[in-house]
**Q** 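One structure, pasted below without further comment.
The analysis underlying the following values was restricted to heavy atoms, covering all of them including side chains, and did not include hydrogens, waters or symmetry mates.
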Amino acid sequence: MLYVIRHGRTDWNEMRKMQGRTDIPLNETGRQMAKDASERYRDVNFDICYCSPLSRARETAEILLKGRNIPIINDERLVEMSFGDYEGSNKDAQEAGAPIWELFEHPESYIPSGGAESFEELFARTADFLKNTAEPLLQEGKDLLIVGHGAMNSAIVCQVKNIPLKDFWKGSIKNCELIQL
């Protein structure tokens, strides 16, 4: 079985700032969310965990799986989508028509700028992870957990469920919410 969870909250989540690949740590609320998730999902079997290398995802995985003897493997293909120059900016301050506004309102029309990653790049790396890492383990009957981020997790969900790009954000997962795919 394939499971996906999003990291716990950070200060930037609470300020509605775009994190992307900026390595913002969990805050105390995020750590508590991960502890609560650990209790809530303690009876869910995971054989192996693959995790974004960003600290907010890694710490979430460590708290979630504490005492369970489950390997946690960092994988660069699971890092959050890069928002380029928009990282650190407030989502609420984006003007209609700005490239980053399109990302959230009309993902099918989004054209990255300022060093941001394209959906094609995001989908290529997450598809590579699914095909070359996840699928072989799932075929062996392993229960696989991915600990990641908002946009990266949505890319996984959209590919597994065949959700079109225009509906990209319908694949969103709340902080520390576990979904089964």
Side-chain angles (χ1 to χ4, degrees), residues 2-31 33-34 37 50-61 74-131 134 146-181:
L2 178 62
Y3 297 92
V4 181
I5 195 167
R6 185 176 174 201
H7 63 78
R9 297 205 39 100
T10 69
D11 287 343
W12 279 23
N13 285 138
E14 292 177 3
M15 292 185 281
R16 296 193 44 78
K17 285 188 174 186
M18 298 189 63
Q19 295 177 106
R21 294 193 182 161
T22 304
D23 199 5
I24 305 301
L26 293 178
N27 60 20
E28 287 309 311
T29 300
R31 289 182 187 96
M33 291 175 86
Y50 282 87
C51 180
S52 161
L54 296 176
S55 64
R56 59 189 180 268
R58 180 69 190 201
E59 187 177 4
T60 298
N74 285 353
D75 194 305
E76 289 291 332
R77 296 169 294 181
L78 302 178
V79 72
E80 178 59 307
M81 184 177 193
S82 172
F83 302 126
D85 294 342
Y86 286 96
E87 292 185 16
S89 67
N90 188 291
K91 291 179 187 177
D92 298 328
Q94 303 305 327
E95 295 179 19
I100 209 67
W101 184 83
E102 291 290 319
L103 172 79
F104 293 104
E105 297 300 320
H106 302 287
E108 71 280 8
S109 301
Y110 173 65
I111 299 171
S113 65
E117 185 175 18
S118 70
F119 278 112
E120 291 79 16
E121 292 166 319
L122 173 65
F123 276 81
R125 66 181 167 85
T126 53
D128 183 69
F129 174 83
L130 287 169
K131 179 181 178 189
I146 296 172
V147 181
H149 308 273
M152 189 286 298
N153 285 353
S154 288
I156 297 279
V157 171
C158 287
Q159 290 175 80
V160 171
K161 293 187 170 187
N162 294 311
I163 297 171
L165 184 57
K166 71 178 184 63
D167 296 324
F168 180 79
W169 296 107
K170 290 182 180 176
S172 292
I173 303 171
K174 294 176 185 170
N175 294 99
C176 284
E177 177 185 14
L178 181 73
I179 65 164
Q180 177 182 323
L181 296 175

**Q** Checking Asp167 side chain against Ile163 main chain: does a donor-acceptor pair fall under 3.5 Å?
**A**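 Absent.
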**Q** How long is the gap from CG on Leu130 to CZ on Phe123, to the nearest 0.5 Å?
**A**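 Leu130 atom CG to Phe123 atom CZ measures 10.5 Å (nearest 0.5 Å).
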**Q** So which atom in Gly8 and which in Asn13 form the shortest heavy-atom distance, rounded to 0.1 Å?
**A**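 Distance-wise, the nearest heavy atoms are O-OD1, 3.8 Å.
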**Q** Can you check side-chain contact (heavy atoms from CB on, under 4.5 Å) on Lys17 and Glu87, steps first, answer last?
**A** CA-CA 7 Å; Lys17 285 188 174 186; Glu87 292 185 16; over 6 Å; no
**Q** Under 3.5 Å, side chain of Asn90 to main-chain N/O of Met15, donor-acceptor pair present?
**A**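 Checking the backbone N and O of Met15 against the side chain of Asn90, a donor-acceptor pair under 3.5 Å is found.
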**Q** Report the distance from atom OG1 of Thr126 to atom CD of Gln159, rounding to the nearest 0.5 Å.
**A**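 Going from the OG1 atom of Thr126 to the CD atom of Gln159 covers 4.0 Å.
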**Q** How close do Ala61 and Cys51 get, counting heavy atoms only, and between which atoms?
**A**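 Minimum heavy-atom contact is CB-SG, 4.1 Å.
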**Q** For the atom pair OG (Ser55) and CG (Leu26), what is the distance rounded to the nearest 0.5 Å?
**A**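 Here the rounded value is 7.0 Å.
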**Q** Would Asn74 and Tyr50 count as a side-chain contact (heavy atoms from CB on, under 4.5 Å) if you check the C-alpha gap in whole Å, the side-chain angles of each, and the deciding distance to 0.1 Å?
**A** CA-CA 6 Å; Asn74 285 353; Tyr50 282 87; over 6 Å; no
**Q** What are the two closest non-hydrogen atoms of Phe168 and Ala151, and how far apart are they?
**A**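 That closest heavy-atom pairing would be CZ-O, 3.2 Å.
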**Q** List the steps and the verdict of side-chain contact (heavy atoms from CB on, under 4.5 Å) for Tyr86 and Leu103.
**A** CA-CA 11 Å; Tyr86 286 96; Leu103 172 79; over 6 Å; no
**Q** Please step through salt bridge (Lys or Arg N to Asp or Glu O under 4.0 Å) for the pair Glu80 and Arg56, ending with a clear verdict.
**A** CA-CA 11 Å; Glu80 178 59 307; Arg56 59 189 180 268; 5.3 Å; no
**Q** Return the CG to CD1 distance between Leu78 and Ile146, rounded to the nearest 0.5 Å.
**A**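 Spacing of CG (Leu78) from CD1 (Ile146) equals 6.0 Å.
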**Q** Look only at the side chain of Arg125 and the backbone of Val79, and say whether a donor-acceptor pair between them is shorter than 3.5 Å.
**A**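 Yes, Arg125 side chain to Val79 backbone: donor-acceptor pair under 3.5 Å.
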**Q** With a 3.5 Å cut-off and sequence neighbours excluded, list the donor-acceptor pairs that the side chains of residues 172-181 form with protein atoms.
**A**
unit_1, atom_1, unit_2, atom_2, d
Ser172, OG, Trp169, O, 2.8
Asn175, OD1, Arg9, NH1, 3.3
Asn175, ND2, His7, O, 2.8
Glu177, OE1, Lys174, N, 3.0

**Q** Could you pull out the closest heavy-atom pair between Asp75 and Pro53, with the gap in Å?
**A**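 That closest heavy-atom pairing would be O-CD, 3.5 Å.
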**Q** Could you label the plane-to-plane angle of the Phe83 and Phe104 rings as parallel, tilted or perpendicular, counting under 30° as parallel and over 60° as perpendicular?
**A**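 Aromatic pair Phe83/Phe104 classed tilted.
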**Q** Could you tell me if the side chain of Tyr110 sits less than 4.5 Å from the side chain of Leu165, heavy atoms only?
**A**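 Sidechains of Tyr110 and Leu165: no contact.
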**Q** Can Arg21 and Glu117 be counted as an ion pair, charged N to O under 4.0 angstrom?
**A**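 Yes, this pair counts.
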**Q** CD of Glu108 to CD of Glu102: how many Å apart, nearest 0.5 Å?
**A**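 Answer for the CD-CD pair, Glu108 versus Glu102, is 8.0 Å.
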**Q** Side chains of Thr10 and Asn27: any donor to acceptor distance under 3.5 Å?
**A**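 No, because no side-chain N or O of Asn27 sits under 3.5 Å from a partner of the opposite role on Thr10.
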**Q** Distance from Trp101 atom CH2 to His106 atom NE2, nearest 0.5 Å?
**A**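 Atom-to-atom, Trp101:CH2 and His106:NE2 are 4.0 Å apart.
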**Q** Under 3.5 Å, side chain of Ser52 to main-chain N/O of Leu54, donor-acceptor pair present?
**A**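 Present.
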**Q** For Met33 and Thr29: C-alpha separation, side-chain torsions, deciding distance, then whether side-chain contact (heavy atoms from CB on, under 4.5 Å) applies.
**A** CA-CA 6 Å; Met33 291 175 86; Thr29 300; 4.3 Å; yes
**Q** Where do Ser118 and Glu121 land on the side-chain hydrogen bond (donor to acceptor under 3.5 Å, both in side chains) test, with the steps shown first?
**A** CA-CA 5 Å; Ser118 70; Glu121 292 166 319; 3.3 Å; yes
